[in-house]
Peer 1: 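Once you've had a glance at the structure underneath, I'll fire off some questions.
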There are 2 protein chains.
Amino acid sequence: MGDTIAVEKISVDCKQHLRAINDTQDLLSGKWKVMIIGCLALGKKRYMELQRMVEGIGSKMLSKELQELEINGLITRTVQDTKPITVEYELTEYGRTLKPIIDAMALWGVQHRKKIITAK
Amino acid sequence: MGDTIAVEKISVDCKQHLRAINDTQDLLSGKWKVMIIGCLALGKKRYMELQRMVEGIGSKMLSKELQELEINGLITRTVQDTKPITVEYELTEYGRTLKPIIDAMALWGVQHRKKIITAK
DNA sequence: CAGCATCCCTTAAGATACTG
DNA sequence: CAGTATCTTAAGGGATGCTG
């Protein structure tokens, strides 16, 4: 009986664990979000800068994913009153809490590439 | 001139950084891979166990994503000679190096959910 | 510069049914 | 139990052109 309770508890914990992973993944869904955040982790960036940094991204996808990130409170969008206007994107404090994830992914990617190359 | 070189170096570093992030994302692409790895991080699991743990995944997606993970050397697949046969999946040592990423995602997801709930 | 609108196409992924 | 085969759909995403 005690065992059953223990097993159920583990099972519940596991579900929550997986749900948490899923939540995170959802917020970072899309082909470019993680890279965009990776860019913004280096500091505030303008629309054009982002498009240049994130190689291959189109204007449509860039604005779409930026909007989603903004909606989720991960970045801010600030219009500069210049001529013509410029827009700056920046990670919010909350967005910065994603840094451990991004860093872990970047680090793993670097090691992985090393591994693949030496394996050849 | 020194500046130009410095800027270029930063630029190159950034590209590599983003490429690394991208590589990692590619290997974890698909709706279920991260969760599957999250399950296997708890220990070896059978096909059926995985399907029960990862709520909502269908048989087709499960085997597809497992195959991809195996191809990339992140998990092993072992057929047990029972009747009927059972198959066990397990993270490889290399697959286990993904743990920091998975953990970071799980942790963030938990915090995020807390934040959302208290915000209401 | 920053971004929207439109069109188009590929792919991911779900449902269902079947096999050794 | 551990998958495979087939079909279908929804969505993601690219290309292009246009606007304030």
Side-chain angles (χ1 to χ4, degrees), chain A residues 18-19 21-40 43-72 74-91, chain B residues 18-19 21-40 43-72 74-91:
Chain A
L18 292 186
R19 198 183 52 182
I21 290 174
N22 202 31
D23 288 349
T24 305
Q25 225 184 171
D26 280 351
L27 259 80
L28 299 179
S29 69
K31 193 172 172 180
W32 309 100
K33 287 205 189 66
V34 181
M35 282 197 283
I36 290 173
I37 295 173
C39 286
L40 293 177
K44 58 171 64 170
K45 294 274 172 290
R46 300 209 326 227
Y47 187 88
M48 245 307 153
E49 291 183 285
L50 285 173
Q51 191 159 17
R52 264 191 295 264
M53 291 173 84
V54 184
E55 240 163 325
I57 194 171
S59 153
K60 175 185 146 189
M61 276 302 117
L62 180 55
S63 45
K64 188 195 157 210
E65 307 240 338
L66 284 170
Q67 279 169 25
E68 292 174 5
L69 290 172
E70 193 191 0
I71 286 171
N72 286 313
L74 300 175
I75 66 172
T76 56
R77 175 181 181 276
T78 326
V79 179
Q80 309 287 331
D81 200 6
T82 55
K83 33 114 193 169
I85 60 157
T86 55
V87 181
E88 284 195 335
Y89 292 93
E90 192 174 13
L91 283 186
Chain B
L18 292 186
R19 198 182 53 182
I21 290 174
N22 201 31
D23 288 349
T24 304
Q25 226 184 173
D26 280 351
L27 259 81
L28 299 179
S29 70
K31 193 171 171 181
W32 309 102
K33 287 205 188 69
V34 181
M35 283 197 282
I36 290 172
I37 295 172
C39 286
L40 292 178
K44 58 172 65 170
K45 295 273 173 289
R46 301 209 324 228
Y47 187 88
M48 245 308 154
E49 291 182 284
L50 285 173
Q51 192 159 17
R52 265 192 294 264
M53 291 173 85
V54 184
E55 240 163 326
I57 195 172
S59 156
K60 174 187 146 189
M61 276 302 117
L62 181 54
S63 45
K64 187 195 158 210
E65 306 241 316
L66 284 170
Q67 279 169 25
E68 292 175 4
L69 290 172
E70 193 191 0
I71 286 172
N72 286 314
L74 301 175
I75 65 172
T76 55
R77 175 181 181 276
T78 326
V79 179
Q80 309 287 331
D81 200 6
T82 54
K83 33 116 193 166
I85 59 157
T86 55
V87 181
E88 284 194 335
Y89 291 93
E90 191 174 12
L91 283 186

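Per chain, numbering begins at 1; letters A, B, ... match sequence-line order.
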Peer 1: Can you check the Ile36(A) CD1 to dA2(C) P distance for me, whole Å?
Peer 2: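 For the pair Ile36(A) CD1 and dA2(C) P, the rounded distance is 14 Å.
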Peer 1: Looking across every strand, which nucleic acid part, if any, lies under 4.0 Å from Lys31(A) by heavy atom: base, sugar-phosphate, or nothing?
Peer 2: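 Lys31(A): backbone/sugar contact only, no base atoms under 4.0 Å.
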Peer 1: Do Lys60(A) and dG3(C) have a side chain to base donor-acceptor pair shorter than 3.5 Å?
Peer 2: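 A donor-acceptor contact between them is absent.
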Peer 1: More than 12 heavy atoms of other residues, nucleotides or ligands under 6.0 Å from CD of Glu88(A): is that the case?
Peer 2: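 Yes.
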Peer 1: Please walk me through it: do Ser59(B) and Tyr47(B) pass side chain to side chain contact (heavy atoms under 4.5 Å, CB included)?
Peer 2: CA-CA 9 Å; Ser59(B) 156; Tyr47(B) 187 88; 3.2 Å; yes
Peer 1: Can you tell me how far apart CG (Leu28(B)) and CD1 (Ile36(B)) are? Round to the nearest 0.5 Å.
Peer 2: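 CD1 of Ile36(B) is found 11.0 Å from CG of Leu28(B).
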Peer 1: Looking at Gln67(B), is its backbone amide N or carbonyl O close enough to the side chain of Glu70(B) to form a donor-acceptor pair, meaning the two atoms are under 3.5 Å apart?
Peer 2: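 Checking the backbone N and O of Gln67(B) against the side chain of Glu70(B), no donor-acceptor pair under 3.5 Å is found.
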Peer 1: Quickly work out the Glu49(A) CD to dG3(C) P distance and round it to whole Å.
Peer 2: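 So the two atoms are 13 Å apart, to the nearest Å.
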Peer 1: Mind checking if Met61(A) touches a base, just sugar-phosphate, or nothing, with heavy atoms under 4.0 Å?
Peer 2: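 If one applies the 4.0 Å heavy-atom cut-off, Met61(A) turns out to touch a base.
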Peer 1: Would you mind reading off the distance between Met35(B) atom CE and dA13(C) atom C1', rounded to a whole angstrom?
Peer 2: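 Checked: the CE to C1' distance equals 13 Å.
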Peer 1: Take a 6.0 Å sphere around CD of Gln80(A) and say whether it holds more than 12 heavy atoms from other residues, nucleotides or ligands.
Peer 2: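 Enclosed: over 12 neighbouring heavy atoms sit under 6.0 Å from CD of Gln80(A).
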Peer 1: Check this one for me: any side-chain N or O of Gln51(A) less than 4.0 Å away from OP1 or OP2 of dC1(C)?
Peer 2: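 Gln51(A) to dC1(C) OP1/OP2: no side-chain N or O under 4.0 Å.
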Peer 1: Looking at dC1(C), I'd like to know if its phosphate oxygens (OP1 or OP2) sit under 4.0 Å from a side-chain N or O belonging to Tyr89(A).
Peer 2: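 Checking Tyr89(A) against dC1(C): no side-chain N or O falls below 4.0 Å of OP1 or OP2.
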Peer 1: Looking across every strand, which nucleic acid part, if any, lies under 4.0 Å from Gln80(B) by heavy atom: base, sugar-phosphate, or nothing?
Peer 2: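 Counting heavy atoms under 4.0 Å across all strands, no contact is made by Gln80(B).
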Peer 1: Remember a base hit wins even if backbone is also touched, and classify Glu65(A) as base, sugar-phosphate or nothing at under 4.0 Å, heavy atoms.
Peer 2: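 Since only primed, P, OP1 and OP2 atoms lie under 4.0 Å of Glu65(A), the category is sugar-phosphate.
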Peer 1: Write down the atom of Leu66(A), the atom of Ile75(A), and the distance for their closest heavy-atom approach.
Peer 2: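 The pair with the smallest heavy-atom distance is O-CD1, 3.4 Å.
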Peer 1: How close or far is atom P of dG3(C) from atom CG of Leu69(A), stated in whole angstroms?
Peer 2: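 Spelled out: CG on Leu69(A) to P on dG3(C) is 13 Å.
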Peer 1: Earliest and latest nucleotide of DNA chain D, 5' to 3', sitting under 4.0 Å from a non-hydrogen atom of chain A?
Peer 2: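 Listed 5' to 3', the contact boundaries are dG13(D) to dA15(D).
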Peer 1: Mapping Ser59(B) and Ile85(A) to their closest nucleotides on DNA chain D, which lands nearer the 5' end?
Peer 2: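 Closest to the 5' end, via its nearest nucleotide, is Ser59(B).
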Peer 1: From C-beta outward on Thr86(A), which listed nucleotide comes closest to its side chain: dA13(C), dC1(C), dG3(C)?
Peer 2: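 Of dA13(C), dC1(C), dG3(C), dC1(C) is nearest to the side chain of Thr86(A).
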Peer 1: Using only side-chain N and O atoms of Arg77(A), determine if any of them is under 4.0 Å from OP1 or OP2 of dA2(C).
Peer 2: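 No, Arg77(A) has no side-chain N/O under 4.0 Å of OP1/OP2 on dA2(C).
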Peer 1: Take the protein atom CD1 of Ile57(A) and the nucleotide atom P of dG3(C), then report the distance between them rounded to whole Å.
Peer 2: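 For the pair Ile57(A) CD1 and dG3(C) P, the rounded distance is 12 Å.
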Peer 1: Would you sort out whether Ile57(A) and Gln51(A) count as a side chain to side chain contact (heavy atoms under 4.5 Å, CB included), showing the intermediate values?
Peer 2: CA-CA 6 Å; Ile57(A) 194 171; Gln51(A) 191 159 17; 4.2 Å; yes
Peer 1: Expressed in angstrom and rounded to an integer, what is the separation of Arg46(A) atom CZ from dG3(C) atom P?
Peer 2: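 So the CZ-P distance, Arg46(A) to dG3(C), works out to 11 Å.
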Peer 1: Students often get this wrong, so: under 4.0 angstrom with heavy atoms, is Glu88(A) touching a base, only sugar-phosphate, or nothing?
Peer 2: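 No contact at all - Glu88(A) keeps every heavy atom at 4.0 Å or more from the nucleic acid.
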Peer 1: Quick one, Arg77(A) with Val87(A), criterion side chain to side chain contact (heavy atoms under 4.5 Å, CB included). Give me CA distance, side-chain angles, the key distance, then yes/no.
Peer 2: CA-CA 7 Å; Arg77(A) 175 181 181 276; Val87(A) 181; 3.6 Å; yes
Peer 1: Have a look at Ser63(B) and say if it touches a base, only the backbone sugar-phosphate, or nothing, with a 4.0 Å heavy-atom cut-off.
Peer 2: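 Base, at least one base heavy atom under 4.0 Å.
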Peer 1: I'd like to know if Thr82(A) reaches the base of dC1(C) with its side chain, counting only an N/O donor and acceptor under 3.5 Å.
Peer 2: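 By the distance-only test, no, there is no pair.
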